Amino acid sequence: GVLESAQRSRYESRLPLDAPGHVTAGRRRLARQIYHEEPRSTVEITNNTLIEWFSFYPFKVAGRSMEPAISENTWVAVFRSGFRKRNPRRFDVVRLEDPRNSSRWILKRIVGLPGDEVALVAGELFINGNQVADPYAYYPDPQTDQFEWWPRDDEYVVLGDNRIHSTDSRKFGPVKRSSIRGRVQG
């Protein structure tokens, strides 16, 4: 609170300006701009772009659950800070911890957001009672699927594009936001 802020200010004012624990107003402003606010200058845009570039890594796809959009054994770029400035959106492809085996990573597409009522009926996706076109779904022979989810504030419904060869929210339910580790660019 106010008392802690006053104590911190007194402590910081006793530190030399180059001391490791000294937080200048400029450093505070830069941290706010990088982590919380929209970029306002070319320098800030450059900083944000560099953070994005250095926070990505290549990931080799194992399995056929995201075909035909992402094929098995192809390499994709995963951005660790992909959701630093925005929440995951419907149809984003994400890398997440496999809920059945936390040492394994999987790629899935987000179809349900927190607070949505999500249903998959005979291959058709419904959000809050309205049918939603899912251009990524590959369902050569729509089964008589009958699934419903109600993700909480920190949960997402994820499905593989190749619905026949995918283990996804139909098997393990909605996933926690904390298990999503990056945004995928194919």
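None of the values given here were measured: they were computed from a predicted structure.
- Side-chain contact between E72 and E67 is present, with heavy atoms from C-beta onward closer than 4.5 Å.
- Partner I110 forms a side-chain contact (heavy atoms from CB on, under 4.5 Å) with one of V175, L159, V158, L96 and no other, that one being V158.
- Side-chain atoms of E97 and S102, non-hydrogen and from C-beta on, do get closer than 4.5 Å to each other.
- Panel note: side chain S166, backbone G160; a donor-acceptor pair is recorded below 3.5 Å.
- Using a 4.5 Å heavy-atom threshold, the side chains of R90 and I127 count as touching.
- Considering only heavy atoms from C-beta on, W105 comes within 4.5 Å of F59 through its side chain.
- The number of heavy-atom neighbours closer than 6.0 Å to CZ of F126, taken from other residues, nucleotides and ligands shown, is above 12.
- The CE atom of M66 sits 14.5 Å away from the OH atom of Y138 when rounded to the nearest 0.5 Å.
- Follow the hydrophobic side-chain contacts under 4.5 Å out from F172 and you reach I180 in the same cluster.
- D92 and R86 are joined by a salt bridge, as a carboxylate oxygen and a charged side-chain nitrogen come within less than 4.0 angstrom of each other.
- Between the OH atom of Y136 and the CZ atom of R163 there is a distance of 12.0 Å, given to the nearest 0.5 Å.
- Contact check on E155 versus K176 returns a salt bridge, with a Lys/Arg side-chain nitrogen under 4.0 Å from an Asp/Glu carboxylate oxygen.
- Put simply, V118 and V132 are part of the same group of oily side chains (I, L, V, M, F, W, Y) that touch within less than 4.5 Å, one to the next.
- Rounded to the nearest 0.5 angstrom, D168 CG and L120 CG are separated by 8.5 Å.
- A cation-pi contact, defined as under 6.0 Å to the ring centre and within 45° of the axis, is absent between R109 and F91.
- Taking 4.5 Å as the limit, every side-chain heavy atom of D116 sits out of range of all side-chain heavy atoms of W149.
- Of all the heavy atoms in T74 and S71, the pair that sits closest is OG1-O, 2.7 Å.
- You'll find the side chain of V61 reaches within 4.5 Å of the side chain of L107, heavy atoms only.
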Worked check of side-chain contact (heavy atoms from CB on, under 4.5 Å) between N73 and K60: CA-CA 6 Å; N73 294 322; K60 188 172 186 178; 3.7 Å; yes
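- Residues K108 and S65 form a side-chain contact, since some pair of their non-hydrogen atoms from C-beta on lies under 4.5 Å apart.
- We find the CD-CZ distance between Q146 and R170 to be 13.0 Å, quoted to the nearest 0.5 Å.
- From T167, atom OG1 reaches atom CD1 of I106 across 8.0 Å, with rounding to the nearest 0.5 Å.
- With rounding to the nearest 0.5 Å, the separation of CG in D153 from CG in L113 is 12.0 Å.
- Side-chain N or O atoms of N128 include one that pairs as donor or acceptor with a backbone N or O of E117 at under 3.5 Å.
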